[in-house]
Amino acid sequence: MNNKTIFDKIWDRHVVQTVPGGPDVLYIDRHFIHEVTSPQAFAGLKKRGAGVFHPEKTIATADHNIPTVNQHLTIHEELSRIQVEKLKTNCRDYNIELYGLNHPYNGIVHVIGPEMGITQPGMTIVCGDSHTSTHGAFGSIAFGIGTSEVEMVLASQCLMQAKPKTMRINIDGELQKGVTSKDIILYIISQISTGGATGYFVEYAGKAIRNLSMEARMTICNMSIEMGARGGLISPDQVTFEYIRGREYAPSGERWEEQVEFWKTLPSDDGAEFDRELFFSAADIEPMITYGTNPGMGTGISGKIPLMEEVDNASRNSFLKSLQYMDFSPGDIMTGKKVDYVFMGSCTNGRIEDLRNFASFVKGKKKAEDVTVWIVPGSKQVEKQAEEEGIRQILELAGFEMRQPGCSACLAMNEDKIPEGKYAVSTSNRNFEGRQGPGSRTMLASPLTAAAAAITGRVTDPRTFL
Amino acid sequence: MPIEKFTTLISTCVPLPIENVDTDQIIPARFLKATTREGFGENLFRDWRYDKSGRPKDDFVLNANRYSGKILVTGKNFGSGSSREHAAWAIKDYGFSVVVSSFFADIFRNNSLNNGLLTVQVSETFLARLFEMTEADPSLKVKVDLENQKISVLPGGPEEGFEINPYKKNCLLNGYDDIDYLLSISDRIAEFEKSMK
Ligand code: SF4
């Protein structure tokens with residue numbers, strides 16, 4: 001039978017057994033952990049007297065809590081320091097590889113997995129972090145889990161999971177100039193809403209997706225969770241294989257050939273059936289910007305915030321509450337709105353290609369005076385590469401500085417907080433109330449749109465500069 | 001470690017008629033620095049509940065004397081966003097045992113059930129009725145019966161059935177947890193690993 005989806009192929013290979021009337025016991029190939037969602041899992045293990053079943057299949061990094069300046073000093077904030085230290089002792093006690101603070105491979109968990117070649121097609125990958133979906137860009141089943149589930153994977157390398165439904169989202173045609181993969185995903189979410197894919201695992205397909213680099217594909221899969229999806233993936237192809245080839249954890253020699261042969265069997269078969277299928281045209285997508293307090297509240301940058309009568313009756317209260325928080329009004333035009341901060345980074349857009357895009361846009365221009373700009377690479381390796389490629393220099397000439405890697409203002413657990421009432425254009429993935437600091441107001445956008453805001457101090461269509 | 005058993009609950013409700021409540025609202029990131037599971041209830045809905053100086057905001061439902069109880073009733077798409085289990089811990093720690101909504105985010109639902117916090121998904125119509133009736137009469141009692149998978153407004157008010165995975169239902173009724181189960185099949189898992197190579 002030749003009509004399976006890539007999702008079914010991978011899932012079915014990993015089912016250890018099915019609990020009668022219940023979920024599947026799913027085998028997990030790779031498990032990433034970080035300092036914030038793992039301590040209670042280790043504590044639970046200890047209490048049970050259980051060990052870690054396969055320490056070599058878990059990889060740890062410190063990213064959420066760490067400062068992005070002066071990383072060589074001890075962490076100032078006591079609770080953050082305790083969490084990072086706890087991770088260190090847990091990894092040591094259980095023999096888990098840790099790419100901790102100041103390690104040359106340190107970085108945001110979803111950036112370092114792919115860049116070291118740990119993330120590979122056909123795998124099941126989990127992490128106590130919803131943006132684990134990022135790894136799906138390689139044609140793997142990757143999804144976020146809670147801390148109890150982290151404990152399950154540590155204890156047994158397995159998870160109890162009900163198999164989700166499948167959805168395919170096709171983006172056909174070609175993207176316009178100045179439109180990037182971030183705009184594709186913000187567009188999709190604005191069309192189907194933040195709950196639009198709940199209960200589904202999404203495959204992204206179509207010509208516009210095939211044309212994307214691995215970095216750009218990761219940006220799309222990253223935000224699958226923002227429409228409620230369990231995860232998102234893209235069938236692997238030559239672009240995928242070329243990205244993995246030669247990386248530290250990538251297979252080599254004969255094993256490489258073998259693996260590539262296997263990976264080539266993964267893409268969804270012609271005629272594979274999905275529970276739901278959606279079609280969009282790339283040509284309809286503009287650079288996107290969000291105006292509200294969830295990632296589904298977005299519009300093309302030349303567009304307006306919807307009028308009350310355009311909003312579903314039942315959702316009007318939530319819509320108004322959201323606009324009140326942002327201090328915007330229904331019908332407002334987005335371009336020209338004042339921007340106080342620009343945050344360029346995160347596991348959505350903190351990879352080398354994102355920095356390249358940002359840098360090539362601001363090259364030869366000057367930062368707007370009254371904007372504070374935080375440029376945070378996704379990992380030590382991205383930082384190093386940016387250095388080597390001369391990106392840091394370009395940024396500095398334009399008046400910007402690059403900070404040290406970490407999650408930073410994406411969730412503002414460290415000192416990088418957008419102050420109350422201030423507006424930030426951010427390349428991260430969430431614009432929830434207070435996400436970037438209590439009272440902060442976030443507008444999500446691509447690195448190009450962030451660069452345009454950094455130059456003008458306003459919400460600006462990046463295409464006007466292209 | 002066993003979770004708390006859940007069979008039947010009769011309680012008043014606390015209504016929070018807001019849609020798309022994300023886990024950043026349930027428990028903001030800056031309160032995720034603890035390394036234990038306890039104490040998160042204090043900061044449940046922190047930024048809706050308290051102002052900057054830490055004073056309770058009168059207009060937030062948890063600060064309203066009118067409402068109390070072990071059932072939180074919320075608008076659709078509850079628990080979206082971050083996978084932080086701290087959200088489920090905070091709701092439980094605050095004293096809720098059940099969350100009712102017309103739609104839950106997947107990870108939040110899993111996290112809740114793994115902690116003995118029952119998520120009850122009802123129809124939009126039932127939810128709207130429940131909001132109306134609770135707001136009209138905060139002393140209204142609601143019964144959640146897990147065995148029969150039924151939620152009903154007492155006495156003789158509207159009622160509705162709800163779905164739950166039979167395995168998860170069994171876990172909750174008996175206080176079992178997944179890890180005990182997984183540890184009990186470790187031989188099977190080891191066998192599976194051999195077959196994968
Ligand atoms: S960058 Fe943001 S979204 Fe990504 S892992 Fe860190 S906190 Fe989560």
Side-chain angles (χ1 to χ4, degrees), chain A residues 13 16-17 19-23 25 27 36-37 39-40 43-44 47-48 50 53 65 79-80 82-83 86 128-130 144-149 151-152 155-158 160 162 164 194-195 198-199 225-226 228 230 294 296 314-315 317-318 321 411-413 420 430 432-435 438-439, chain B residues 1 17-25 28-30 32-37 46-48 52 75-77 80-89 103-108 110-112 114-115 124 128 165-168 170-171 177-183 185-186 188-189 191-193 196:
Chain A
R13 290 186 77 232
V16 176
Q17 66 178 51
V19 181
V25 175
Y27 190 79
V36 177
T37 56
Q40 292 88 348
K47 216 159 158 190
R48 263 174 229 273
F53 193 53
N65 246 336
L79 291 174
S80 301
I82 293 174
Q83 263 189 348
K86 196 105 210 162
D129 192 287
S130 56
I145 55 178
T147 298
S148 297
E149 294 171 314
E151 189 179 335
M152 285 175 213
S156 69
Q157 206 57 38
C158 288
M160 312 279 279
T194 51
T198 302
I225 182 73
E226 307 312 334
R230 205 66 188 84
N294 72 56
S315 306
N317 271 345
S318 303
K321 181 175 179 299
L411 92 165
M413 265 189 96
E420 186 177 356
R430 288 185 173 142
F432 299 148
E433 286 183 31
R435 170 76 178 184
Chain B
M1 260 167 312
I18 301 175
E19 295 179 358
N20 302 316
V21 174
D22 57 79
T23 52
D24 272 78
Q25 306 318 314
R30 59 188 193 281
L32 305 185
K33 294 183 182 182
T35 51
T36 61
R37 289 173 186 242
R46 175 75 203 199
D47 294 334
W48 287 349
K52 261 184 301 176
K76 76 168 176 226
N77 198 24
S80 57
S82 158
S83 59
R84 58 189 69 163
E85 193 162 316
H86 313 66
W89 298 337
F103 200 69
F104 289 98
D106 281 333
I107 307 183
F108 175 80
N110 285 352
N111 287 341
S112 297
N114 282 336
N115 286 280
E124 291 287 351
N165 177 296
Y167 165 80
K168 272 292 166 202
N170 193 39
C171 286
D177 94 355
D178 287 355
I179 304 185
D180 292 334
Y181 180 83
L182 289 170
L183 287 173
I185 60 162
S186 58
R188 174 75 197 90
I189 297 171
E191 222 173 276
F192 176 84
E193 286 180 324
M196 268 203 107

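We name chains A, B, ... by the order of the sequence lines, and we start the count at 1 in each one.
- At a threshold of 4.5 Å between non-hydrogen side-chain atoms, the residues B:Asp22 and A:Asn294 do not count as touching.
- Residues forming a ring-ring contact (aromatic ring centres under 6.0 Å, His included) with B:Phe192 (at least two apart in sequence, or on another chain): A:Tyr27.
- Using a 4.5 Å cut-off between heavy atoms, A:Leu411 contacts chain B through both its backbone and its side chain.
- Chain A forms more heavy-atom pairs under 4.5 Å with one residue of B:Thr23, B:Asn170, B:Val21, B:Ile18 than with any other, namely B:Ile18.
- Top candidate by heavy-atom pairs under 4.5 Å with chain A, chosen from B:Asn111, B:Asp106, B:Asn77, is B:Asp106.
- When atom types are taken as modelled, the side chain of A:Arg435 and the backbone of B:Asp24 share no donor-acceptor pair closer than 3.5 angstrom.
- Considering only heavy atoms from C-beta on, A:Arg230 comes within 4.5 Å of B:Ile107 through its side chain.
- Per-residue heavy-atom pair counts under 4.5 Å with chain B were compared for A:Gly146, A:Gly228, A:Ser80, and the maximum is reached by A:Gly146.
- For B:Asn20 and A:Ser318, the side-chain atoms include no donor-acceptor pair closer than 3.5 Å.
- With sequence neighbours excluded, the residues that form a side-chain contact (heavy atoms from CB on, under 4.5 Å) with B:Tyr167 are A:Val19, A:Pro23, A:Met160, B:Asn165, B:Cys171, B:Asp178, B:Tyr181.
- Residues A:Ser156 and B:Leu182 approach most closely at OG-CD1, 3.5 Å, considering heavy atoms.
- Between A:Pro438 and B:Lys52, the closest side-chain pair of non-hydrogen atoms is not below 4.5 Å.
- Scanning both residues, A:Ser148 and B:Ile179, for their nearest heavy atoms gives O-CD1, 3.9 Å.
- Contact annotation: the side chain of B:Asp47 never approaches that of A:Glu433 to less than 4.5 Å [non-hydrogen atoms, C-beta and beyond].
- Proximity of A:Glu151 to B:Asn114: side-chain heavy atoms (C-beta onward) are nowhere separated by under 4.5 Å.
- Between chain A and the options B:Ala87, B:Pro17, B:Gly81, B:Ala128, heavy-atom pairs under 4.5 Å are most frequent for B:Gly81.
- Scanning all heavy atoms of the two residues, the minimum distance from A:Thr198 to B:Ala105 falls at CG2-CA, 4.3 Å.
- No side-chain N or O of A:Gln40 forms a donor-acceptor pair with one of B:Trp89 less than 3.5 Å apart.
- Only the side chain of B:Gln25 comes within contact range of chain A, with heavy atoms under 4.5 Å apart.
- Neither the backbone nor the side chain of B:Glu191 comes within less than 4.5 Å of any heavy atom of chain A.
- A heavy-atom distance below 4.5 Å is found between the side chains of B:Asp180 and A:Arg48.
- Residue contact with chain A, scored on non-hydrogen atoms closer than 4.5 Å, involves the backbone and the side chain of B:Thr35 alike.
- Counting all heavy atoms, side chain and backbone alike, A:Glu149 lies closest to B:Glu85 at N-OE1, 4.3 Å.
- Closest heavy-atom contact between B:His86 and A:Thr37: CE1-CG2, 4.2 Å.
- For A:Val25, the part lying under 4.5 angstrom from a heavy atom of chain B is the side chain only.
- For chain A, the option among B:Ser80, B:Ser186, B:Pro28, B:Ser82 with the highest count of heavy-atom pairs below 4.5 Å is B:Ser82.
- Shown here for A:Gly128 and B:Ser83, the closest heavy-atom pair between the two residues is C-OG, 3.8 Å.
- B:Lys76 contributes no side-chain N or O that, together with a main-chain N or O of A:Ser315, makes up a donor-acceptor pair within less than 3.5 Å.
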